[in-house]
Visitor: 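First the structure, which I've put down as structure tokens, then a few questions once you've had a look.
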Amino acid sequence: MSTLAKATMDLDTCLRLVLLLQAASCSPGLLVDVLVDRYDVPKVCPREVRTEDFIRYHFNGTFHDDGKKFDSSYDRGKAFISQVGLGRLITGMDRGLQGMCVNERRRITVPPHLAYGSIGTGCVVPPDATLVYDVLLLDVWNTEDKVQFRTISKPASCSRSTAATDFIRYHYNGTLLSGETFDSSYARNSTYDTYLGQGDLIKGLDEGLLGMCVGERRVIIIPPFLAYGENGNGTKVPPQATLVIQALMVDVFNPKDDVVVAVKEAPEGCTRRTVAGDYIRYHYNGTFQDGTPFDSSYQRNSTYNTYVGMGYVIRGMDKALQGLCAGEKRRVVIPPHLAYGEGGVGNLIPGSAVLVFDIHVIDFHNPKDPVEIRITHKPRECNTASGANDLIRYRYNCSLMDGTLLYSSDQYDSPSVTTLGANKVILGLEEGLKGMCVGERREVVIPPHWAHGENGAAGVPGSAVLLFELELMELQKGVPEGFMFVWLGDIPDPLFNALDLNGDKEVPLGEFSEFIRLQVKEGKGRLQPGVDVDSVIKNMFDDQDRNKDGRIVEDELKIKDEEAEQVRRDEL
């Protein structure tokens, strides 16, 4: 008969039991067999008591005639343990306990010939006594039982399952078969951490936790002889108790594990990979193996910046950061002996935790790196190239190495203008703009020590490698620093006669200006670019007009020998 059928007896059966009980109360001798009243049956009964099973139960024993109690396991404070169907109990109980479920309550009425008969038991049970037992079944097991487990949930993917010699971290709720809780890691807010398959756990758990994936939940049923056996465990686990463990596997690793690296996204055309000594900037999400996050650079909106292979980060990360390309994405799994070990980190990372990092490399460089220049287009004719002191106009896009655009000359009405060598742009850009022809395009990679360094600048993160896309639009050759005019050929000799266009032995500003403009027009001289021509010529004139009388005479062009080392008349 099924459990459900036993739990839901029909009306005729109930009436029959009531009539039998009434007959027994009038004349006990009429009761020829055990009478069982299953007055409280659990809805779910995975197992029923059978012959040779061991059971653990509480009971109150009373006489049928007067209801007087003659024995009680409750009074002794200890459940009764016995084996069923092998004559270790009175015959009536051997029969009455058959088919019982854990947590079931039943009343078993035993006639004298199936109890202690016409002899009784000394002064406790008189002869010919009909006995009534109110029984609560707490546990049932058999010597043939094995560890049973049932998977409640399992992650969609499982690259590794627990094996002997692994170190595991798991949460659990522990109950007796009756549902009474005896222990819980959740109540302590701490996982149980141990080696598996090495005798550090009870035998049943050593077996029941094998083959679990991180994130898997199991119910493990352990018979007493594979748990705490006859002795039990303290006041929480009684002797011969079946244990029910609901386990959640949080973490697993083996002391022989190394760092595991999986490439999630690799950029095309990677020509350089990180090596020890490089400085790297990367974003990461850090989680435990069960997916619980513990840290993220994205939440701080700031990359993590460090040297590679020099001990500035945990050993596992130091290994994992080598051989990376800029822009690469990797998943890195680091066992605790290459992370924070048994001690963990405060309340952030528990002891013996495996760490999982999803990293994205933004850029890296070496402190010895030069500026890297790649020419992407060069015009067929290139007679003049940019150099020191030249005035140039150029277009640019400035980006981080992950493609994030920082600045662009296209944001303005006209290209950018600068004089090379005037320290008006970062050193790396100066380097990248040298030697360019008008119309030439370049990609220039500038390491931070050639750019904005560790501190960065407005809109530029610290220690950032910059990528400039450059195009030279216009070039005006310059003059040396401190000069306003240089000769491109031989200087007229005598110079004053060339200046004195009308031959009147004096040169006013207008005549001086006409002469200088003529030299520039004929390609014999060059003015300082990027400055108002009239202003430059006026300054040149003022430098030669020593007595400030508004005209230059021949003597004012002559520099005394003793002044030559101190005074610089750069223009003429």
Side-chain angles (χ1 to χ4, degrees), residues 259 261 263 266-284 297 302-330 332 357 359-376 378 385-388 394 396-407 418 420-436 440-470 472:
V259 174
V261 174
V263 177
E268 295 181 0
C270 176
T271 58
R272 175 177 174 179
R273 297 180 179 271
T274 54
V275 297
D278 284 345
Y279 192 86
I280 188 170
R281 296 172 59 244
Y282 64 98
H283 270 303
Y284 70 88
S297 63
S302 175
T303 57
Y304 190 86
N305 308 336
T306 189
Y307 284 96
V308 175
M310 297 178 67
Y312 289 98
V313 291
I314 56 177
R315 285 191 296 157
M317 187 60 79
D318 241 355
K319 294 180 67 174
L321 290 177
Q322 299 189 45
L324 285 158
C325 300
E328 185 171 341
K329 294 182 178 180
R330 282 186 179 184
V332 180
F357 290 92
I359 65 175
H360 178 202
V361 181
I362 303 303
D363 63 40
F364 65 89
H365 71 278
N366 194 281
K368 298 178 181 179
D369 282 350
V371 174
E372 180 184 346
I373 298 173
R374 298 189 293 265
I375 298 173
T376 57
K378 194 160 188 173
S386 57
Y394 63 99
Y396 73 89
N397 289 319
C398 175
S399 305
L400 299 177
M401 296 302 290
D402 66 351
T404 302
L405 181 65
L406 300 179
Y407 300 106
T418 192
L420 293 180
N423 296 322
K424 294 183 178 180
V425 295
I426 56 174
L427 291 176
L429 184 55
E430 282 265 9
E431 196 72 14
L433 288 167
K434 289 180 181 177
M436 290 188 76
E440 183 176 338
R441 293 191 290 271
R442 290 180 175 182
E443 290 181 350
V444 180
V445 179
I446 304 176
H449 49 278
W450 285 83
H452 298 286
E454 295 181 2
N455 297 324
V460 180
S463 299
V465 179
L466 303 181
L467 172 63
F468 277 88
E469 297 172 294
L470 302 175
L472 188 62

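Numbers here are sequence positions counted from 1. Just so you know, these numbers come straight off a predicted model, no measurement behind them.
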Visitor: CZ of Phe468 to CG of Leu406: how many Å apart, nearest 0.5 Å?
Guide: 8.5 Å
Visitor: Find the distance between OH (Tyr282) and CZ (Phe364) and round it off to the nearest 0.5 Å.
Guide: 14.5 Å
Visitor: Apply side chain to side chain contact (heavy atoms under 4.5 Å, CB included) to Lys319 and Val332, showing your working.
Guide: CA-CA 10 Å; Lys319 294 180 67 174; Val332 180; over 6 Å; no
Visitor: To the nearest 0.5 angstrom, please state how far the CD atom of Glu430 sits from the CH2 atom of Trp450.
Guide: 10.5 Å
Visitor: Ignoring hydrogens, what is the shortest heavy-atom contact between Ile446 and Ala451? Give both atom names and the distance.
Guide: CG2-CB, 3.8 Å
Visitor: Main chain of Asp369, side chain of His449: is a donor-acceptor contact present, judged purely on distance under 3.5 Å?
Guide: yes
Visitor: Given Gln322 and Asp278, is the side chain to side chain contact (heavy atoms under 4.5 Å, CB included) satisfied, shown in steps?
Guide: CA-CA 9 Å; Gln322 299 189 45; Asp278 284 345; over 6 Å; no
Visitor: Rounded to the nearest 0.5 Å, how far does CG of Leu433 lie from OH of Tyr396?
Guide: 11.0 Å
Visitor: Looking at Glu431 and Ile373, what are the two nearest heavy atoms and their distance?
Guide: O-CD1, 3.8 Å
Visitor: Within this structure, what is the CD1-CD distance for the pair Ile359 and Glu328, rounded to the nearest 0.5 Å?
Guide: 7.5 Å
Visitor: Please identify which of these residues, Val465, Asp363, Asp402, meets the side-chain contact (heavy atoms from CB on, under 4.5 Å) condition with Arg281.
Guide: Asp363
Visitor: Taking side chain as C-beta onward, heavy atoms only, is Ser399 less than 4.5 Å from Thr404?
Guide: no
Visitor: Which of parallel (below 30°), tilted (30 to 60°) and perpendicular (above 60°) describes Tyr307 and Tyr279?
Guide: perpendicular
Visitor: With a 3.5 Å distance limit and no angle check, can you tell me whether Thr303 reaches the backbone of His283 through a side-chain donor-acceptor pair?
Guide: no
Visitor: Please name the pair of heavy atoms, one in Leu472 and one in Met436, separated by the smallest distance, quoted to 0.1 Å.
Guide: CD2-O, 3.4 Å
Visitor: Shortest non-hydrogen contact from Gly277 to Pro367?
Guide: O-CD, 3.7 Å
Visitor: For Arg315, look at atom CZ and say whether over 12 heavy atoms of other residues, nucleotides or ligands are found less than 6.0 Å away.
Guide: no
Visitor: Could you report the tightest heavy-atom contact between Arg442 and Ile375, atom names first, then the distance?
Guide: NE-CG1, 4.0 Å
Visitor: Could you check Leu429 against Tyr394 for side chain to side chain contact (heavy atoms under 4.5 Å, CB included), going step by step and ending with a plain yes or no?
Guide: CA-CA 11 Å; Leu429 184 55; Tyr394 63 99; 3.8 Å; yes
Visitor: What closest approach, in Å, do Pro267 and Ala326 show between heavy atoms, and which atom pair accounts for it?
Guide: CG-O, 3.2 Å
Visitor: Indicate the ring-plane relationship of Tyr284 and Tyr304, choosing parallel, tilted or perpendicular according to the 30° and 60° boundaries.
Guide: perpendicular
Visitor: Less than 4.5 Å apart, any side-chain heavy atom of Thr306 and any of Leu321?
Guide: yes
Visitor: Could you please spell out the steps behind the side chain to side chain contact (heavy atoms under 4.5 Å, CB included) verdict for Leu400 and Leu466?
Guide: CA-CA 5 Å; Leu400 299 177; Leu466 303 181; 4.1 Å; yes
Visitor: Could you give the distance from CG (Leu420) to NZ (Lys434), rounded to the nearest 0.5 Å?
Guide: 7.5 Å
